Every structure is written in structure tokens, then in C-alpha cells.
Amino acid sequence: MPAITYEIIHQDKNTNARAGILHTPHGSFLTPIFMPVGTKATVKGVSPEELKDLGARIVLSNTYHLFLRPGAELVREAGGLHKFMHWDGGILTDSGGFQVFSLGELRKIKEEGVTFRSHIDGSKQFLSPEVSMEVQMALGADIVMAFDECIPYPADYEYAKESTARTARWARRSKDAMTANNQGLFGIVQGGMYEDLRRQSAKELVEMDFPGYAVGGLSVGEPKELMYEMLQVSTSELPENKARYLMGVGTPDYFIESVMRGIDMFDCVFPTRVARNGMAMTHTGRIVIKNACYEHDHNVLEENCDCYACRNGYTRSYIRHLFRSDEMFGLRLLTLHNLRFLQIFMKEMREVILEDKFLEFRTNFYVNNPNLQPKQ
RNA sequence: GCGGCUUUGGUGAAGCGGUUAACACAUCGGAUUGUGGCUCCGACACGCGUGGGUUCGAUCCCCACAAGUCGCC
């Protein structure tokens, strides 16, 4: 029995949206699902107990960061990442590939791997499929990601083609190096913004037979419509009976459009990062809490929300005050709210899929958020 | 009462005769999508204490007044 399996519970009649269950060694989770990001073995400002209370079941953590500090060996010594961070739910670790992309200047990509300078102390470091797998085995996450290259946007065809081919070779090497039987390795579809490369990338990965597939290299600055098109192309080549994970996407409109195209899993820093910068997410759009219009607004962030902040009556006026005063409780209130909001949003999507009402849900969403409607 | 110094936006201030009055904070907006935790990007003085004067031209020079501040009696 493989560590990670996926089963479809219901396929929406009108779209490619599906409701399912992702089985892992640390529990079985209903999809579509959102994974909060805990880069350095913690979701900033939120305890694992609070995460569980707000409905999170699986979190993402980061190979790159944990590799640099505290190091794979320390986590292994602690008994793995679950024990180290005191989280008994699911964990997915990113491979470090994205950091190679976002580090930009400080790196050099070769066939064998990537040399780069640590953002912490400037020391020279090396990551490759083999090193990434070794670290990810030490961390012991339920789902581990293949070491890939996230192609910047825009990128010319030749570069995208070369990079995508290398990512495929790295996926093969990742698979060969991943020998743990209690962890499942996902391959990552790349291909830039080129339909043929996307298809080819997906096909090659499917031949290698992973327990799940991610779509990477999207939401890197391209127009929304182009992203949806590339996503559609990517998922159309993936098998139905495996989980599909769209990496790095985290706003409601993207969720809807992606689930509609067959995505089951998401992770994103957006809800937690913007919370720290004073933004609350709601069913009717964004609240920039520092705006003057909330000075005398003694309502909660969103009516009928059962997050910690709203349920206990913390008002917009008060949270605005906390942010203007640089009080850390404000960050926590918005972080808890945003994470709960996404859990609620995922639950709503699961329910409408089960009732074959996904399209109505989508239409209704755009009525409430007309500015987010994609161009035809 | 006498003498010195100071007076630029909400705040701290740069500029000291010549095109759009620097910068920072605050304020007001916007951004943020496989996370470098207080980030990034915009906007924001039609005016330089008040009134005169000199000059082609004055925040900048001169005079008077006002306010603040320090010292002396």
C-alpha cells in the first residue's frame, strides 16, 4: 500500500471539479483542501493546536529553510518534523526548487543541481534532487516534492523547453532517491506558458507514475487568463485517480477557477502574509484594516464567521487600532481569521461539488466580487 | 527692562537670491499568491511667523512687529 493515495468521492456534473479524500500516514483529508504554510516549522504566530481548531489538517513546510536552519540532522534527531514542531496532522515539504527561483541572483543552475548562497549567512550551499530527497526523508513529511525548477515569467521558448526537460530528469532522479516507504513523492508539471511543453511535462511525469502530481510555475506574474489556460492544459494530461496540487495559489477566485479545472490541493503564503500586513479576506473581498473607514467600525471582520476573532467579537475598529499601534495581537487575529476563512471556503466548495452546484457557487461568487471576474 | 539666538507641512527638519521647497516620521491610498515577520509602491507645503522694503527675481538680503528660547539686571 503506497503512503499516499487519493479517491474521488464525487465528480461535479458540470465542471471538472471533484470532491475526494487524500489518504496519508497522518490522516485522511477531504479535498479540495488548503494547506497553510509553515515555512520554518511553524505557521507564523499560530500554534498547532489553534491550527487544528480552525480546521487545518495538513501544512506545508520548507526544505530549503529547514536545510539551512536548524539542519536536517537536528530534525532527524528530534524524531522528524511532526514531533519537532508538535503537529500530528499531515505535512508536505516543498523541495527547495521554488527558492532556487525566488532567490534569483544568488544561484547557479547546472545539470547536477543548484549552487546558491544562503540568505542567512551568505555561505555557499548545494541542492540537487538527491540532496533534497535526503533532507526531506530526514524531515519525514507525508508528502514530499520533487526537486524542480520554477521557470520565471516571461521566459523564451528555448529556455522553457530546456528547463522543463531538466525538471523531468530531476523528477526521475528524485524518484530514484526517495526510498522511504512512509512518504509519497509528487512530481511537478512545468512547461512555462507553452501548451506543448506543459503537455509534454505532464505526460513524462505520468509515465514515471507518482502518487500525486503538482502543477508548478504558475501564478508567477502572468495574466490570470493565461494562468487558467495553462492550468487547464496541465490537468487535462493528469490521471483522475491521483491527487492534483496547484502550488502557491491562495485567493478565492483562483481557488474557484482551479477547482473547476480539477485541482484538489492548494498551499499559499498569501492569507498569512497579507494578514501580517493588515488585510482580512472575506466572501465579499478584501478588508485593508488600517483604512480610515474602519476607525469607527465596531463590527467584526465578517458576519457569521466562526473564526477566533469574529466569534469572540473582536471588531474592525479594535484590530485597526492594534495594527496602527504595532501590537502583535493584531497579526494573530487576522492570521487566524484568514486561515479559518480559507477552511470555510474549501468546505463550501466541497459541499457544492457534492450537490453538483459548483457553477452556481461560482456565479454567486462573482456577483459578490465583480472585480475578480476573469475576462472572456 | 536690556542683550543674544530662533521662527519652513501634522511632526523632526534640509535649502540661504534664480527652474517642480530635499529627506524622514505621521497621515491617506494601493500592492503582496510552492514566505526573508513590521515589507514594497504611490499621494501629500500654490508656500517658508506677520507687514513693509531692496532686486529683473526673495524661504534666503534689509527694516519693523509678533511669538518662542537663553543670558543679565
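Worth saying up front: this structure is predicted, and the values here are computed from it rather than measured. A note on names: the letters A, B, ... follow the listed sequences, proteins ahead of strands, and every chain is numbered from 1.
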(message) Using a distance-only criterion (donor-acceptor N/O pair, under 3.5 Å, no hydrogens), is the base of B:G37 paired with the side chain of A:Asn277?
(response)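 By the distance-only test, no, there is no pair.
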(message) Ignoring hydrogens and geometry beyond distance, is the side chain of A:Gln136 in donor-acceptor contact with the base of B:G34 at under 3.5 Å?
(response)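 Answer no: no donor N or O sits under 3.5 Å from an acceptor.
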Interatomic distance at [atom1], [N] relative to [M], whole Å:
N     : M     : atom1 : result
B:G17 : B:A31 : C1'   : 43 Å
B:G52 : B:C2  : P     : 27 Å
B:A66 : B:C41 : C1'   : 43 Å
B:G42 : B:C56 : P     : 42 Å
B:U59 : B:U6  : C1'   : 15 Å
B:C72 : B:G10 : P     : 36 Å
B:C65 : B:C28 : P     : 43 Å
B:U55 : B:A24 : P     : 40 Å

For [X], report the nucleic acid contact type (base, sugar-phosphate, nothing); a contact means any heavy atom under 4.0 Å.
X        : answer
A:Gly45  : base
A:Arg286 : sugar-phosphate
A:Gly217 : base
A:Ile188 : base

Nucleotide opposite [N] in a Watson-Crick or G-U pair, distances under 3.5 Å:
N     : answer
B:G29 : B:C41
B:G17 : none
B:G71 : B:C2
B:C61 : B:G53
B:A66 : B:U7
B:C46 : none

If only side-chain N and O atoms of [X] are considered, is one of them under 4.0 Å from the OP1 or OP2 phosphate oxygen of [N]?
X        : N     : answer
A:Gln99  : B:U35 : yes
A:Arg324 : B:U27 : yes
A:Arg332 : B:G37 : no
A:Asn291 : B:G29 : yes
A:Arg273 : B:G34 : no

In whole Å, I'd like the distance from the [atom1] atom of [X] to the [atom2] atom of [N].
X        : N     : atom1 : atom2 : answer
A:Arg320 : B:U27 : CZ    : C1'   : 10 Å
A:Met281 : B:U32 : CE    : C1'   : 11 Å
A:Ile289 : B:C38 : CD1   : P     : 21 Å
A:Ile33  : B:G34 : CD1   : P     : 18 Å
A:Asp326 : B:C25 : CG    : P     : 13 Å
A:Leu331 : B:C38 : CG    : P     : 10 Å
A:Leu334 : B:U35 : CG    : P     : 22 Å
A:Lys290 : B:U39 : NZ    : C1'   : 10 Å

(request) Output yes when a side-chain donor or acceptor of A:Lys124 lies under 3.5 Å from a complementary backbone atom of A:Thr115, and no otherwise. (result)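 Not at all, since once roles are kept as given, no pair shorter than 3.5 Å links the two residues.
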(message) Can you confirm whether the side chains of A:Thr93 and A:Gln136 place a donor and an acceptor under 3.5 Å from each other?
(response)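 Side-chain D/A pair, A:Thr93 to A:Gln136: present.
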(message) Any donor-acceptor pair under 3.5 Å linking the side-chain atoms of A:Ser236 with those of A:Arg199?
(response)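 Their side chains do contain a donor-acceptor pair, which is all the 3.5 Å distance test asks for.
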Salt-bridge test for [X] and [Y]: reply yes if a basic N is under 4.0 Å from a carboxylate O, no otherwise.
X        : Y        : result
A:Asp196 : A:Lys161 : no
A:Arg169 : A:Glu111 : yes
A:Lys224 : A:Glu257 : no

Among [options], find the nucleotide with the atom closest to the side chain of [X].
X        : options             : answer
A:Thr272 : B:U35, B:G34, B:U39 : B:U35
A:Lys40  : B:U35, B:U32, B:G37 : B:G37
A:Met247 : B:U35, B:U32, B:G34 : B:G34
A:Arg276 : B:G37, B:U32, B:G34 : B:G37

(message) Tell me whether the NZ or CZ atom of A:Arg166 lies within the 45° cone about the ring axis of A:Trp170 and under 6.0 Å from its centre.
(response)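 Yes, A:Arg166 and A:Trp170 form such a contact.
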(request) Using heavy atoms to find the nearest nucleotide of RNA chain B for A:Lys44 and A:Met279 separately, return the residue whose nucleotide is more 5′. (result)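 Checking each residue's closest nucleotide, the 5'-ward one belongs to A:Met279.
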(request) Would you mind telling me which residue lines up with the more 5' stretch of RNA chain B, A:Glu295 or A:Gly96, judged by nearest nucleotide? (result)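 The answer here is A:Glu295.
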(message) Nearest 0.5 angstrom please: A:Trp87 CH2 to A:Ile58 CD1, how far?
(response)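 If we round to the nearest 0.5 Å, A:Trp87:CH2 and A:Ile58:CD1 are 9.0 Å apart.
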